[in-house]
Chemist: 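Please read through the structure below; I'll follow up with questions.
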Amino acid sequence: MILFYLFLFISSTNGIFLFFERDSYEFFISESAPINTKIGSIQATSSSSLSIRYELYGDINKTFYLNSTTGILTLSNTLDYETISIYKLTIEARALSSTVAPSFSEIVIHVLNTNDNPPDINVMFYPSVLTEENVIKYDLNSNSTPLATINIKDLDESTNNLTLFINDTQHFQLQFVRQSKNGLITESIYILSTRNNPHLLKKDHYYLSLYSCDNDQPSLWTNRTYEFHLKPNENLCQFNQTHYIIDIKENLPNRTLILPRLTNQFCQTMVHSIDDTKNFFIQPRTGDLYTSTMFDREEQSIYRLNLQAVDQFNKTMKAILTVRILDEYGHIPFLSLKKLRLNRGEFSSIDLFNSTYCHYQTMVYNYFQLLSNCTLKKLSLPVQGKYLFSIQLNQKYNYEDTFLLELTSDSNETIFSNLVQSQWMIIIPIILSIFLILLLIICAAMIIRRQRYKKQKSSSTLSNSEENVHNKYDAISTLSKLKVHDDHQLSPSPISTALYIVQKSSSSSPIRDDEGYSGSSDVSENPLSMETTIITANQLVEQYRIHEFRAHQMMSPSNDDAPKRLSTSCVSADVSFV
């Protein structure tokens, strides 16, 4: 296909053509090559002796130079493999005659890596040990006192091993932590500490030199020198910082550890305390900080605690803890004022946050507007109620918070509401009193009805008893009509005659025909008792007594039909005979 286009091109230009022998040219050059180093030569071919000009495209930093007449490519600036390891450029060849079409080709330049970067030493001294004027206060109670963290980096890709040496191993020591390689960068970390021994007290000035080697080809070294003044200190216990920021999630359970001890390793016997014991708990001895409640981000999202620690020498140390409550999406709060209660008639605007980075909101709830300076402005008179706003910061990523605004009624509405409440305070007791009175009336009616029922029941019972007594009286009265006569004729014994007389115990009863009863002369055969009580029809109680008279002399046969003679002096006046 290319040959076909080339044939057409030659035919259209009457046999005159211009082209590169290859579509792409590839060159290699070391990053340590000096300037004006020749990289290569690119030549175009033509069918006749044409005057050709060359042009280079894509070299923005002017790192290379192309001779427009000869086509020789040279280095015009320094190379860095760690910055750019490959260049892709375009070269153009054109004839001075306008009748010939130009030709293009690609140039690829590879930069070869060389060990040209020495190790970089970064020493971070601990503020708890290194004080002003390079004074190191070491602890006599321990074998060593850490001074600093040493970080060594090498940007060369060929570097795989970094080492660190010190000049004074009698008073100082190094502890290797780790070595890692992140892409092209090789990194090693060491801990520098003192050797706490009596030799430290003999002199005041110490000179420490650090030497780092990349162990590459060629080997490159880096040197750092420091001067210290070492002084013993019996107590190096203190906070590493004066202000700490802690971010925790909103839905953490109670008694969750959110921060371990903040004092350094020299603190042995400490007593820790905080001023907010309602929401947080700190172990007095260890200094571990825990939660002691479930947090509500709408109520409060930022807590500031004053931390205090007292050591065994009664030295007091203080620090400030800022605890921020994150929501489920990890949004960071920033509002100290979380909720506000205002009269809806008096509300006009509120400054929520001292910033100019708030996300502008044209209309919120149809009544409010949030300006970019974090000011909440009223557009129209809102109704009474609670409004929850979501506030975002544009310039700070992931900063979002909530604000709760509660609007109450105005004074006239408040007076009316209070009046309604006062009326109900009067009406409710009246209703309760009426209900209580009705309840008492119902109870009294039920008691009266029950008593009437009992009386009716007792009267019916009494009438039944009276009827039973009356029946009894009739039975007794029938029996009490006795006849007194001589039973001599019926008596089997000629010498024994029984006479029965009924005597009334009271004369107030109505007059009855009390008659004697003729029966057997044997008293044991009479079923009546010797003394009987009878209730009459007029409810009068009458008592009758039965007297028996026996004969002690023999009667003459001629006088069998005559009754016996009774001594009237032995008969009571209350007895009547028939």
Side-chain angles (χ1 to χ4, degrees), residues 243 245-251 275-280 293-306 320-431:
H243 190 194
I245 299 178
I246 309 169
D247 292 334
I248 62 176
K249 287 298 183 68
E250 182 179 8
N251 54 356
D275 56 351
D276 188 355
T277 58
K278 178 182 178 182
N279 301 304
F280 302 93
T293 185
M294 296 292 291
F295 297 99
D296 187 359
R297 199 168 184 263
E298 293 184 2
E299 292 291 332
Q300 187 175 354
S301 57
I302 299 177
Y303 296 85
R304 286 183 173 85
L305 288 72
N306 293 318
I320 299 176
L321 304 179
T322 300
V323 182
R324 300 184 300 190
I325 311 300
L326 308 181
D327 61 4
E328 59 180 345
Y329 304 105
H331 293 151
I332 301 173
F334 56 89
L335 294 180
S336 299
L337 179 64
K338 293 291 296 181
K339 57 182 180 179
L340 187 62
R341 189 172 185 266
L342 291 174
N343 190 305
R344 71 187 191 106
E346 299 176 356
F347 167 70
S348 60
S349 63
I350 302 173
D351 294 330
L352 301 179
F353 188 63
N354 187 17
S355 174
T356 58
Y357 302 113
C358 278
H359 177 66
Y360 176 76
Q361 299 182 33
T362 306
M363 182 175 294
V364 187
Y365 295 116
N366 297 326
Y367 303 111
F368 311 95
Q369 185 181 46
L370 182 63
L371 304 180
S372 60
N373 60 352
C374 298
T375 299
L376 187 63
K377 182 181 178 182
K378 179 178 68 174
L379 295 178
S380 60
L381 183 62
V383 298
Q384 178 182 352
K386 295 182 179 180
Y387 300 90
L388 183 63
F389 300 91
S390 178
I391 314 299
Q392 299 177 357
L393 296 182
N394 289 332
Q395 301 299 326
K396 294 186 177 181
Y397 173 73
N398 207 28
Y399 276 76
E400 184 174 339
D401 211 343
T402 58
F403 175 73
L404 181 63
L405 177 62
E406 181 179 0
L407 297 179
T408 60
S409 59
D410 52 18
S411 58
N412 295 330
E413 294 176 352
T414 304
I415 293 174
F416 178 75
S417 177
N418 294 334
L419 181 60
V420 171
Q421 292 180 0
S422 63
Q423 290 178 356
W424 276 107
M425 292 297 292
I426 298 174
I427 294 173
I428 290 176
I430 295 175
I431 295 175

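Predicted model only: the values in this text are computed from it and were never measured. As a basis for the values below, the full set of heavy atoms in this structure was taken, side chains included, without hydrogen atoms, waters or symmetry mates.
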Chemist: K339: which residues meet the side chain to side chain contact (heavy atoms under 4.5 Å, CB included) condition with it, sequence neighbours left out?
Modeler: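 Once residues adjacent in sequence are excluded, the partners of K339 under the side chain to side chain contact (heavy atoms under 4.5 Å, CB included) criterion are E299, L404.
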Chemist: Under the side chain to side chain contact (heavy atoms under 4.5 Å, CB included) rule, collect the residues that match up with C374, sequence neighbours excluded.
Modeler: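 F353, S355, C358, L393.
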Chemist: side-chain hydrogen bond (donor to acceptor under 3.5 Å, both in side chains) with T293: which residues, sequence neighbours excluded?
Modeler: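 Residues passing side-chain hydrogen bond (donor to acceptor under 3.5 Å, both in side chains) with T293: none at all.
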Chemist: Among all residues two or more places apart in sequence or in another chain, which pass the salt bridge (Lys or Arg N to Asp or Glu O under 4.0 Å) test with E406?
Modeler: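 Partners of E406 under the salt bridge (Lys or Arg N to Asp or Glu O under 4.0 Å) test: R341.
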Chemist: Please identify each residue that fulfils side-chain hydrogen bond (donor to acceptor under 3.5 Å, both in side chains) with D296, with sequence neighbours left out.
Modeler: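 Checked D296 against side-chain hydrogen bond (donor to acceptor under 3.5 Å, both in side chains); zero matches.
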Chemist: For S349, give me all partners under side-chain hydrogen bond (donor to acceptor under 3.5 Å, both in side chains), at least two apart in sequence or on another chain.
Modeler: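 So S349 forms no side-chain hydrogen bond (donor to acceptor under 3.5 Å, both in side chains) with any residue.
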Chemist: Just jot down the ring pair (Phe, Tyr, Trp, His ring centres under 6.0 Å) partners of Y365, sequence neighbours excluded, or say none.
Modeler: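 So Y365 forms a ring pair (Phe, Tyr, Trp, His ring centres under 6.0 Å) with Y387, F389.
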Chemist: Could you list the residues that satisfy ring pair (Phe, Tyr, Trp, His ring centres under 6.0 Å) with Y399, not counting sequence neighbours?
Modeler: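 Per chain and number, Y399 pairs via ring pair (Phe, Tyr, Trp, His ring centres under 6.0 Å) with no residue.
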Chemist: Can you list everything that forms a side-chain hydrogen bond (donor to acceptor under 3.5 Å, both in side chains) with Q369? Sequence neighbours excluded, please.
Modeler: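 By the side-chain hydrogen bond (donor to acceptor under 3.5 Å, both in side chains) rule, Q369 matches Y360.
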Chemist: List in chain and number order the residues that pass side chain to side chain contact (heavy atoms under 4.5 Å, CB included) with N373, two or more places apart in sequence or in another chain; answer none if no residue qualifies.
Modeler: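 Expected list: L371, T375.
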Chemist: Who passes ring pair (Phe, Tyr, Trp, His ring centres under 6.0 Å) against Y329, sequence neighbours left out?
Modeler: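 Expected list: H331.
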Chemist: Under the rule for side chain to side chain contact (heavy atoms under 4.5 Å, CB included), what residues qualify as partners of L321, not counting sequence neighbours?
Modeler: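 Partners of L321 under the side chain to side chain contact (heavy atoms under 4.5 Å, CB included) test: Y244, L259, L262, L289, L305, L307.
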